[in-house]
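Inspection log for the structure reproduced underneath, given as structure tokens.
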Amino acid sequence: MKIPLASVLLTSVMALDDGLARTPPMGWMSWERFLCNVDCDTYPDSCISENLYKRTADLMASEGYLDAGYDQVNIDDCWSTLKRDPVTNEQVADPNRFPSGIKNLAAYVHDKGLKLGLYSDIGTKTCGGYIGMQDNLELDANTFASWDIDMLKVDGCYQDTDMMKDTYPELSRALNATGRPIVYSCSWPAYLPEFGEANDGEVLKELAEICHMWRNWDDIRDDWGSVSSVIDYWKRNTTEDIFVSVAGPGHWNDPDQLMIGDNGLSHSQERSQFALWAIFAAPLFMSNDLAHISKESKEILLNKEIIAVDQDPAGHQGILNWSSEGNGDGDVYGGETRVWSRLLNDGSYAVVLQSTHSMGTQTKVKFESSMLDGWEVGQKFVARDLYLHEDIGEFDGEMVADVWPGDVEMFIVDLV
Ligand SMILES: *[C@@H]1O[C@H](CO)[C@@H](O)[C@H](O)[C@H]1NC(C)=O
Ligand SMILES: *[C@@H]1O[C@H](CO)[C@@H](O)[C@H](O)[C@H]1NC(C)=O
Ligand SMILES: *[C@@H]1O[C@H](CO)[C@@H](O)[C@H](O)[C@H]1NC(C)=O
């Protein structure tokens with residue numbers, strides 16, 4: 001077992017030196033909002049069909065999402081037939097729901113200046129029960145490349161997790177061998193008992209060599225409890241944590257889709273998710289219906305200053321610098337206050353002040369200059385508010401924000 005693993009690592013270090021996903025990928029995917037709805041007679045506007053992806057591509061191009069950086073339209077589960085083509089053994093798109101085929105859909109999406117992503121599964125079936133890639137990795141990689149797709153999310157249902165250390169790297173090599181640049185999104189760690197963090201993050205380190213991004217934790221759902229549980233998993237307090245240091249240009253931890261513009265989060269909670277995903281250097285994939293989205297949600301999604309933090313070229317994943325709980329203040333009325341930060345390429349920091357309280361009025365959350373590496377107590381700094389889009393002045397060592405329950409304030413701070 002040692003020899004194949006070593007050769008995998010050698011090949012795969014090179015396999016990912018491919019210029020893809022240098023910043024976290026951005027776009028839209030169907031999963032959380034549209035799931036596996038294949039009943040187009042009853043739900044013509046929301047079933048998994050080429051119409052859904054075409055109308056989404058139209059709106060991404062016309063409503064400013066593409067301009068803001070969301071350039072992927074991603075098909076998720078339930079697009080294929082249930083069985084491979086009996087003659088070629090290839091995967092086939094459902095002919096009723098995708099009458100033009102995936103290649104024509106890719107051409108449509110490319111015409112709009114967007115890219116097309118596809119979904120499959122490393123096991124014998126997808127999570128929804130459709131065709132899986134097991135035993136056909138090379139064939140499927142070639143089929144998908146011949147359809148001109150730009151990204152592939154590969155789920156991990158219906159496969160023994162012990163096989164994944166061989167299959168996920170093998171598919172990475174097969175995708176590279178097609179010659180087509182395809183962003184490879186893996187689900188391997190989400191299926192493991194310690195989410196790939198066992199043995200000092202052994203699996204995370206390998207993922208960084210073979211995948212451009214990977215899903216680490218539970219699937220996200222459209223409610224604050226779910227989004228909070230993801231945030232809690234990302235609550236690391238040192239940049240030396242392997243979960244933090246493994247992320248960087250070309251290889252990202254993926255906390256899953258944005259629930260902004262859906263039904264389950266309040267305005268404050270939507271602001272929190274967006275600000276924190278930017279701190280996490282997370283891939284930004286919406287899963288909403290762009291034809292039915294509030295002005296407020298759209299404004300959050302199109303906040304270019306926060307997107308710029310997410311897309312910062314240095315690609316450092318941010319951490320939690322301070323929390324009331326960590327400092328003995330405990331859980332006050334069902335929540336705590338937190339200070340998060342992320343070092344940016346120009347030496348400034350993005351800072352998020354968060355309140356996870358679920359009752360009461362605003363809470364004062366204090367950022368202190370000594371929380372940042374190389375900054376001293378009482379250091380003079382300037383700050384810019386990324387939700388107000390305003391420079392808010394110069395500070396002497398500390399800055400206090402009034403934060404509503406479930407909300408955040410987000411800033412860039414820089415030395416004077
Ligand atoms: C395949 O891997 C090589 C070596 O890392 C890289 O230079 C090349 O860009 C990759 N090709 C594709 C299509 O990803
Ligand atoms: C960081 O987090 C770990 C794990 O939760 C904890 O054991 C440790 O005390 C924390 N360190 C600091 C400085 O807060
Ligand atoms: C605060 O976070 C930054 C990363 O954004 C890190 O470099 C620094 O060490 C952290 N400071 C403390 C006190 O945890």
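Counting starts at 1 for both ligands and their atoms, in listed order. All values below come from the heavy atoms of this structure, side chains included, with hydrogens, waters and symmetry mates left out.
- Within a 4.0 Å radius of atom 5 (O) of ligand 2, the protein contributes no heavy atom.
- Side-chain contact check for Asn89 and Asn136: at least one donor-acceptor pair (N or O, by modelled atom type) lies under 3.5 Å.
- For atom 10 (C) of ligand 1, the choice among Asn176, Thr178, Ile182 with the nearest heavy atom turns out to be Asn176.
- Per-residue contacts place Ser341 under 4.0 angstrom from the following atoms of ligand 3 (heavy atoms of the residue considered): 1 (C), 2 (O), 3 (C), 4 (C), 5 (O).
- In the vicinity of Gly179, heavy-atom distances shorter than 4.0 Å reach the ligand 1 atoms 13 (C).
- A donor-acceptor pair shorter than 3.5 Å can be found between the side chains of Tyr191 and Asp155.
- Side-chain atoms of Asn253 and Asn216 form a donor-acceptor pair, as typed in the model, at a separation below 3.5 Å.
- Counting heavy atoms closer than 4.0 Å to ligand 3, residue Tyr349 contributes side-chain atoms (C-beta onward) but none from N, CA, C or O.
- At least one protein heavy atom sits closer than 4.0 Å to atom 2 (O) of ligand 2.
- The nearest heavy-atom contact from the protein to atom 13 (C) of ligand 2 is Asn237 ND2, 4.4 Å.
- The aromatic rings of Trp188 and Tyr168 lie parallel to each other, with less than 30° between the two planes, well short of the 60° mark.
- At under 3.5 Å, not a single nitrogen or oxygen of Ser370, backbone or side chain, sits near a nitrogen or oxygen of ligand 3.
- Counting only N and O atoms by type, the side chains of Asp18 and His212 include a donor and acceptor under 3.5 Å apart.
- Between the side chain of Ser172 and the backbone N or O of Ile210, at least one donor-acceptor pair lies under 3.5 Å.
- For residues 370-405, no residue pair satisfies the disulfide bond (SG atoms under 2.5 Å apart) rule, not counting sequence neighbours.
- Only the backbone of Leu343 comes within 4.0 Å of ligand 3, judged by heavy-atom distances.
- Within the structure, every pair that satisfies the salt bridge (Lys or Arg N to Asp or Glu O under 4.0 Å) test and touches residues 77-92, not counting sequence neighbours, is listed here: Arg84-Asp140.
- Here is the list of ligand 1 atoms found below 4.0 Å of a heavy atom in Arg180: 13 (C).
- The proximity of Arg342 to ligand 3, defined as any non-hydrogen pair under 4.0 Å, is limited to the backbone.
- Applying the 4.0 Å criterion to heavy atoms of Met371 picks out, from ligand 3, the atoms 1 (C), 10 (C), 11 (N), 12 (C), 13 (C).
- Remark: side-chain polar atoms of Ser30 are paired, donor with acceptor, to backbone N or O of Asp76 under 3.5 angstrom.
- Looking only at heavy atoms of the protein, atom 8 (C) of ligand 3 is closest to Asp373 OD1, 3.5 Å.
- The residue from Leu344, Val339, Asn321 that puts a heavy atom closest to atom 11 (N) of ligand 3 is Asn321.
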